[in-house]
Amino acid sequence: MTPLPETALPGAEERDKPSAARMQSHCVPQPLALVIFGATGDLTRRMLLPAVYRLFRQDLLPECFALVGVARDRQTDEEFRAKALASMEEFGHAPEDEATWARFAERLRYVGGEFDDPATFRRLHDCMAEVDGERSTEGNRLYYLAIPPSLMPTVAEQLGRGGLVAPAGDARWTRIVVEKPFGRDLQSAREMNATLHKVFDESQIYRIDHYLGKETVQNLMVFRFANVIWEPVWNRTYVDHVQITVSETVGVERRAGYYETSGALRDMVQSHLLQLLTLVAMEPPAAYDADSIRNEKVKVLHSILPIRGPEQVARETVRGQYVHSVEGAKEMPGYRDEADVAPDSRTETFAALRLCVDNWRWAGVPFYLRTGKRLPAKVSEVVVRFRPAPHPILDVVQGDRPSPNALVLRVQPEEGISLFFEAKVPGLSGPLQPVSMDFDYARAFGTESPEAYERLLLDSMLGDATLFARKDEVEAAWALVTPILDAWAAAGEPEPYPAGTWGPEAADRLVEADGHEWHQP
Ligand code: BG6
């Protein structure tokens, strides 16, 4: 057992502090080696490397830190460092200061080899021993699996066999961060959990959902639980319905290889949209810590009525696929025209659902979710639409009913919160008009929010699992999504929508059936 250094920044006590307390004290993790599997891949180059470097530059990493890249290619440490710098430049993160980059680069090491070859893990073992000696990383390891899900079981098993995993509770800690997709249905998610649990304890597993790392998503909890004015109206008595939209303008880009096996429901709804829903709908947790929060989120998922069978799925869900469109000079290809997409692909690029959170707080309040690619705007937002005023006193003035209040929580872009309410247009017989009170992050704080991956990497290094999905949470989400996937697989074609529009008309009908319409971002 390697003793903890005297100067260990956050000790065991610090690690056990609730997340909020640690957030305020700006903890620096204990000495550690971060080992990234998939070190030459897109995710590492675009997201992970820049995020780790930014943490380093802000002195948020310990002095005793190393990053070990693992991938198939054979290259030297020097080549890996040079490529790391090149990809920082390629993706617009060129280091401003050479000296800082040089201090960072000397902490980079590389191990090449196949993931199913025990020799790769023997080399990794030796490399880790060297790193512990050279960088005093104290035997603490954070493994990051930035690799396709099919390779995860192999890597987890090889890490176990190679003696590279310290048991939970050991002073030298080992943790593993697993990227999404975490399985492709309930059965495979359970199998992945079982495989990981052969080697890691649940407390060592960090299942990442980058939406939880977004500043505005975390602010949802602050908004609800640090202010008293929302709680009295945050329920079925006042809320008419909730809409969650995550729309993207991009198409499938160069990711058809993955997307063809996934589709919008697996790619976005099972993870990001259901995460947003749980944060909106959950009860106040007993404490701001990982288990209290995740317990409440799991309760929400368990309260959602499952949508099962062809008829219910046809009534409560919409599955769409973008098709070729021309608008003026702008022509957009259809999904089936994209590279590596099957010409008869039935993969959905749009999904909309009506969910019922069947508990004391939310019974009877529909939660509408929609997400899609090639929609008119890139927006992620939650809209809480309140009930209309109960008595039409002002109909005489306006001529028709006042619009109900709405609260719009904008996750991205133009992060902020707007509350819409009715006001009288000035004048002797002024009608009513909806106006808004707006809070804008950028204007209010004038500072840049940390990138989601920065927050999540730092939290996993600190041992704070609050913003990571627990085993029962991912399984509960898959339990909701899997029957829909099964019914869709047995149904016909997805409904077409012209690229650049808000999805199939059926998505409008889904909300119109309840007398509502989608909020246009
Ligand atoms: C990823 C999905 O998880 O989230 C992508 O795999 C999607 O398909 C992306 O484009 C959207 O994330 P963001 O942060 O851009 O909203």
Side-chain angles (χ1 to χ4, degrees), residues 38 41-48 50-51 91-92 144-150 152 177-184 189 206-220 244-277 279 319-322 335 338-341 345 347-351 369-382 409-416 441 448-457 467-469 473-474 477-478 481 485 499 503 521:
D42 223 40
L43 179 70
T44 305
R45 294 182 333 116
R46 276 175 199 271
M47 298 292 188
L48 302 181
F91 296 112
Y144 197 117
L145 305 194
I147 51 177
S150 55
M152 286 177 195
V177 180
V178 187
E179 264 294 334
K180 74 176 264 280
F182 195 85
R184 50 175 289 104
Y206 289 66
R207 297 176 193 80
I208 209 163
D209 182 318
H210 81 279
Y211 260 62
L212 291 177
K214 291 185 191 274
E215 196 71 29
T216 36
V217 173
Q218 290 160 53
N219 195 46
L220 257 165
I244 300 177
T245 295
V246 177
S247 62
E248 297 185 89
T249 50
V250 290
V252 69
E253 310 291 286
R254 287 174 302 144
R255 296 172 69 221
Y258 152 71
Y259 203 80
E260 276 282 88
T261 64
S262 165
L265 198 63
R266 288 190 174 95
D267 186 41
M268 300 294 285
V269 176
Q270 186 275 338
S271 47
H272 311 326
L273 277 88
L274 283 177
Q275 284 291 342
L276 288 173
L277 185 153
L279 293 172
R319 166 184 173 230
Q321 189 185 74
Y322 62 84
Y335 177 68
E338 306 267 19
D340 303 325
V341 171
S345 170
T347 305
E348 80 284 358
T349 59
F350 177 96
L369 273 50
R370 67 171 168 173
T371 182
K373 297 208 182 276
R374 284 265 189 255
L375 301 187
K378 168 133 180 98
V379 174
S380 299
E381 65 172 28
V382 176
L409 302 139
R410 273 188 316 280
V411 173
Q412 63 186 24
E414 291 158 31
E415 292 80 354
Y441 266 83
E448 256 181 57
S449 301
E451 291 289 330
Y453 275 100
E454 269 174 74
R455 151 71 58 213
L456 295 173
L457 273 163
L467 302 176
F468 295 83
E473 203 175 342
V474 283
W478 276 120
V481 160
L485 289 167

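As the structure lists them, so they are numbered: ligands from 1, and atoms in each ligand from 1. What you are looking at is a predicted structure, and each value in this text was computed from that prediction instead of being measured.
Near Lys180, the atoms of ligand 1 lying under 4.0 angstrom from a non-hydrogen atom of the residue are 1 (C), 2 (C), 3 (O), 6 (O). The contact set between ligand 1 and Lys373, taken as ligand atoms under 4.0 Å from a residue heavy atom, comprises 5 (C), 7 (C), 8 (O), 10 (O). Atom numbering of ligand 1 starts at 1 in the shown order; those under 4.0 Å from a heavy atom of Asp267 are 2 (C), 5 (C), 6 (O), 8 (O). Numbered from 1 in the order shown, with element, the atoms of ligand 1 that lie under 4.0 Å from a heavy atom of Tyr211 read 12 (O), 13 (P), 14 (O), 16 (O).
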### Message
Does Glu348 form a side-chain contact (heavy atoms from CB on, under 4.5 Å) with Tyr335? I'd like the steps, not just the answer.
### Response
CA-CA 9 Å; Glu348 80 284 358; Tyr335 177 68; over 6 Å; no
### Task
Assess whether side-chain contact (heavy atoms from CB on, under 4.5 Å) is satisfied between Val217 and Leu276, documenting all intermediate values.
CA-CA 7 Å; Val217 173; Leu276 288 173; 3.8 Å; yes
### Query
Can you check side-chain hydrogen bond (donor to acceptor under 3.5 Å, both in side chains) on Tyr259 and Asp340, steps first, answer last?
CA-CA 10 Å; Tyr259 203 80; Asp340 303 325; over 6 Å; no
### Task
Start with the C-alpha gap between Glu260 and Ser345, add the side-chain angles, then the distance that decides, and say whether side-chain hydrogen bond (donor to acceptor under 3.5 Å, both in side chains) holds.
CA-CA 8 Å; Glu260 276 282 88; Ser345 170; 2.7 Å; yes
### Query
Checking side-chain contact (heavy atoms from CB on, under 4.5 Å) for the pair Leu279/Leu212: CA distance, chi angles, key distance, verdict?
CA-CA 10 Å; Leu279 293 172; Leu212 291 177; 3.9 Å; yes
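Atom 12 (O) of ligand 1 has His210 NE2, 3.2 Å as its closest protein atom, hydrogens excluded (heavy atom only). Closest to atom 11 (C) of ligand 1 among all protein heavy atoms lies Glu248 OE1, 3.7 Å. Scanning the protein heavy atoms around atom 5 (C) of ligand 1, the nearest turns out to be Arg255 NH1, 3.3 Å. What sits closest to atom 14 (O) of ligand 1 on the protein, heavy atoms only, is Lys214 NZ, 2.6 Å. The closest protein non-hydrogen atom to atom 1 (C) of ligand 1 is His272 NE2, 3.6 Å. Of the protein's non-hydrogen atoms, the one nearest atom 13 (P) of ligand 1 is Lys378 NZ, 3.5 Å.
The shortest side-chain heavy-atom distance between Gln218 and Arg455 falls under the 4.5 Å cut-off.
In this model, no donor atom of one side chain and acceptor atom of the other lie less than 3.5 Å apart for Glu381 and Thr245.
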